[in-house]
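Everything numeric in this text was worked out from a predicted model, so none of it was measured. Numbers restart at 1 for each chain; the letters A, B, ... are given by sequence-line order, proteins then strands.
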Amino acid sequence: MSKKDIRAIEGTRDYLGEDGIRFEKAMDGAREIFTRFGFEKIATPVFESTDLFARSIGEATDIVEKEMYTFKPGSEMITLRPEGTAGAIRAYLQHNLHKQGSLTKLWYAGPMFRRERPQKGRYRQFHQVGIEAVGSSDPLLDTEVIAMGIAYYERLGITGIRLRLNSIGCSKDECRPAYRAKLRAEIEPNLDKLCKTCNSRFERNALRILDCKNPHCQEVVKGLPASYDNLCEECEDHFAKVKEGLAAQGIEFDVDATLVRGLDYYSKTVFEYTHGALGAQDAIGGGGRYDGLVEELGGPATPAVGFAIGVERAMIAMEALGACCCAAPLSVFGIGLGEDCHKAMSGMITRLRREGISADMDYEGRSFKSQMRLANRKGAQVALILGDNELAEGKVNVKDMREGGEQLSVNIADAISEVKKLLP
RNA sequence: GAGGGAAUAGCUCAGUUGGCUAGAGCGCCAGAUUGUGGCUCUGGAGGUCGGGGGUUCAAAUCCCCUUUCUCUCCCCA
């Protein structure tokens, strides 16, 4: 079996080196920012019942129709999660969080799976960090959630995020259904000008025609009424307050009537963060309100809002912007000359690690010079140098590795405190 | 599902109308410096030229097949 026979399968990737650091920053940033906003971590299984995704995401969506990894190892059909909301809400209901009687704020992070054709910023196993705020219809919550996404990007050093915003109304007769009917009435005479997929969308999900990128379809779409001009009173008021809330926080946004979003469960507010560095897949995150989903999955009517952010897409933006991709430097590198000193150094390294100081040493039998080079390459701030002479006297050399740094000989017992003096 | 581009050293890539033992930079290892890193210099290791078949005196180079990566459409994070 040669190395070329064993590869990561199509659309999956390994993250190492700078990618590994970016990936870790994306994950760490999520914990830091979301926790700061009062969200609690939830970890749900990577696979769930197929039915859960079909019901929550929508039978007629591309995800459910053709992109899910579904299999039947036993008697039950299971699917690798294509997104995070369905599982989070399932857990919310299963553990009766709705009976606690207060707003539930959850965040998650992890791999998702969609069997699409891979391309830039789109992979079959990809990662999302996301949040769900379940139990409040307060428009201020929408704005906080949107603001939190921006705070997250800032934490990762991603600037130049654009926020697109829309409201697609609710399921009340006078709201989205009325708008959909109006839309269809206006589109119908132009059906022959629309692409094939839009023709099938016309029957199944007319709103989706709005965000078709086909130029002919866009011509037709241009003259169509916007959803935000056809909201019921409640949705209109909600949308106005979301916009006010964003303006009050100084967050810029573009109201975009063509932002519809693909998943069935959205209602009222929908939004998308985009970034110019990403190319064709310019959405770096997106979300919205889904007031009907909890009920759809068998719970009480419960309003909710959330978002998901694509980690790989954030990583592309980080790379393009040259944002933080340096490894945390090693504090101490220990150098032992000869077998006895090497063994003694191993003990010193262990003590440093117990003190919470990052420390490493050579395990390849390298020469002294080579060990020094290794210490330098690993960015060690301090080198501990132990030779037979020092060992015999109970001493060790502590060398400051910075340019022009000093080296002093100290008692082995004092080594850790001496090292600490040199560390930031 | 459909359409472009690409595959040569660990990495980024040269390689002419087919023609000596397939190169460079970076990285790696070592020496210059017997126990002191970075900078410099010198040397070294490292390739089934993605795989298979064909044309030819001769193929990294031309042709066919195949695999994979990549980008685009669709859709989404």
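Both distances falling under 3.5 Å, in either a Watson-Crick or a G-U wobble arrangement, place B:A7 opposite B:U67. Applying the Watson-Crick and G-U wobble criteria (two distances, each under 3.5 Å), B:G31 pairs with B:C41. Under the Watson-Crick or G-U wobble criterion, with both distances below 3.5 Å, B:A58 has no partner in any strand shown. The partner of B:A2 is B:U72, by the rule that a Watson-Crick or G-U pair needs both atom distances under 3.5 Å.
More than 12 heavy atoms of other residues, nucleotides or ligands shown are found within 6.0 angstrom of NZ on A:Lys41.
Comparing B:G31 with B:U17, their C1' atoms are spaced 45 Å from each other, to the whole Å. Rounded to whole Å, the separation between the P atoms of B:U67 and B:G52 comes to 15 Å. Here the separation of B:G10 from B:G53, taken at their C1' atoms, is 31 Å to the nearest Å. Going from the P atom of B:G15 to that of B:A60 covers 16 Å, rounded to whole Å. Taking atom C1' in both B:G50 and B:G37, the straight-line distance is 40 Å, to the nearest Å. Remark: the separation of the C1' atoms in B:C41 and B:U33 is 13 Å, to the nearest Å. Distance check on atom C1': B:C11 versus B:G47 gives 14 Å, rounded to whole Å. The same atom, C1', is picked in B:A9 and in B:G46; the two are 6 Å apart, to the nearest Å.
In this structure, the separation between CG on A:Asp142 and NZ on A:Lys241 is 11.5 Å, given to the nearest 0.5 Å.
Atom C1' of nucleotide B:U36 and atom CE of A:Met372 are separated by 4 Å, given to the nearest angstrom. Residue A:Leu259 contributes atom CG, which lies 10 Å from atom P of B:C76 at whole-angstrom precision. Between the CZ atom of A:Arg373 and the P atom of B:A30 there is a distance of 6 Å, rounded to whole Å. Rounded to a whole Å, the CH2 atom of A:Trp107 is 20 Å from the P atom of B:A77. Atom CG in A:Leu374 sits roughly 12 Å away from atom C1' in B:C28 (whole-Å rounding). A:Ile316 has its CD1 atom 18 Å from the P atom of B:C76, to the nearest Å. One atom, CZ of A:Arg164, and another, P of B:A77, lie 12 Å apart when rounded to the nearest Å. A straight line from CG of A:Leu384 to C1' of B:G35 spans 15 Å, rounded to a whole angstrom.
Within the 4.0 Å cut-off from OP1 or OP2 of B:C69, not a single side-chain nitrogen or oxygen of A:Arg124 is found. The side chain of A:Arg377 contributes an N or O atom lying less than 4.0 Å from OP1 or OP2 of B:C29. At the phosphate of B:C71, neither OP1 nor OP2 sits under 4.0 Å from any side-chain N or O atom of A:Arg122.
Formation of a donor-acceptor pair under 3.5 Å by the A:Glu132 side chain with backbone atoms of A:Ile89 is not found in this model.
With ring centers used as reference points, A:Tyr273 lies under 6.0 Å from A:Phe271.
Under 3.5 Å, the side chains of A:Gln407 and A:Asp400 contain no donor-acceptor pair of N or O atoms.
A heavy-atom distance below 4.5 Å is found between the side chains of A:Lys243 and A:Phe253.
For A:Glu10 and B:U68, a side-chain-to-base donor-acceptor distance below 3.5 Å is absent, hydrogens and geometry of angles not being considered. For B:U33, the base has a donor-acceptor partner in the side chain of A:Lys369 [N/O atoms by modelled type, under 3.5 angstrom].
Residue contacts shown for A:Gln407 include a base, since a base heavy atom lies under 4.0 Å away. As judged by a 4.0 angstrom heavy-atom cut-off over every strand, A:Ile385 is placed among the base-contacting residues. Among the atoms of the strands shown, none is found under 4.0 Å from any heavy atom of A:Ala375.
Mapping A:Glu390 and A:Gly121 onto RNA chain B by nearest heavy atom places A:Glu390 at the nucleotide closer to the 5' end. Checking A:Gly287 against A:Arg115, the closest nucleotide of RNA chain B that is more toward the 5' end is the one next to A:Arg115.
Which of B:A30, B:U36, B:A77 sits closest to the side chain of A:Ser370 comes down to B:A30. The A:Arg261 side chain lies nearest to B:A77 when the options are B:G31, B:A77, B:A30. Nearest nucleotide to the side chain of A:Arg117, out of B:U72, B:U36, B:C76: B:U72. Closest contact between the side chain of A:Arg114 and the listed nucleotides B:U36, B:C74, B:C76 involves B:C76. Checking B:G37, B:C71, B:C29 against every side-chain atom of A:Gln119, the shortest atom distance belongs to B:C71.
Using a 30° and 60° split on the angle between ring planes, A:Tyr15 and A:Phe23 fall in the parallel class, below 30°.
Under the 6.0 Å distance and 45° angle rule, A:Arg81 does not count as a cation-pi partner of A:Phe47.
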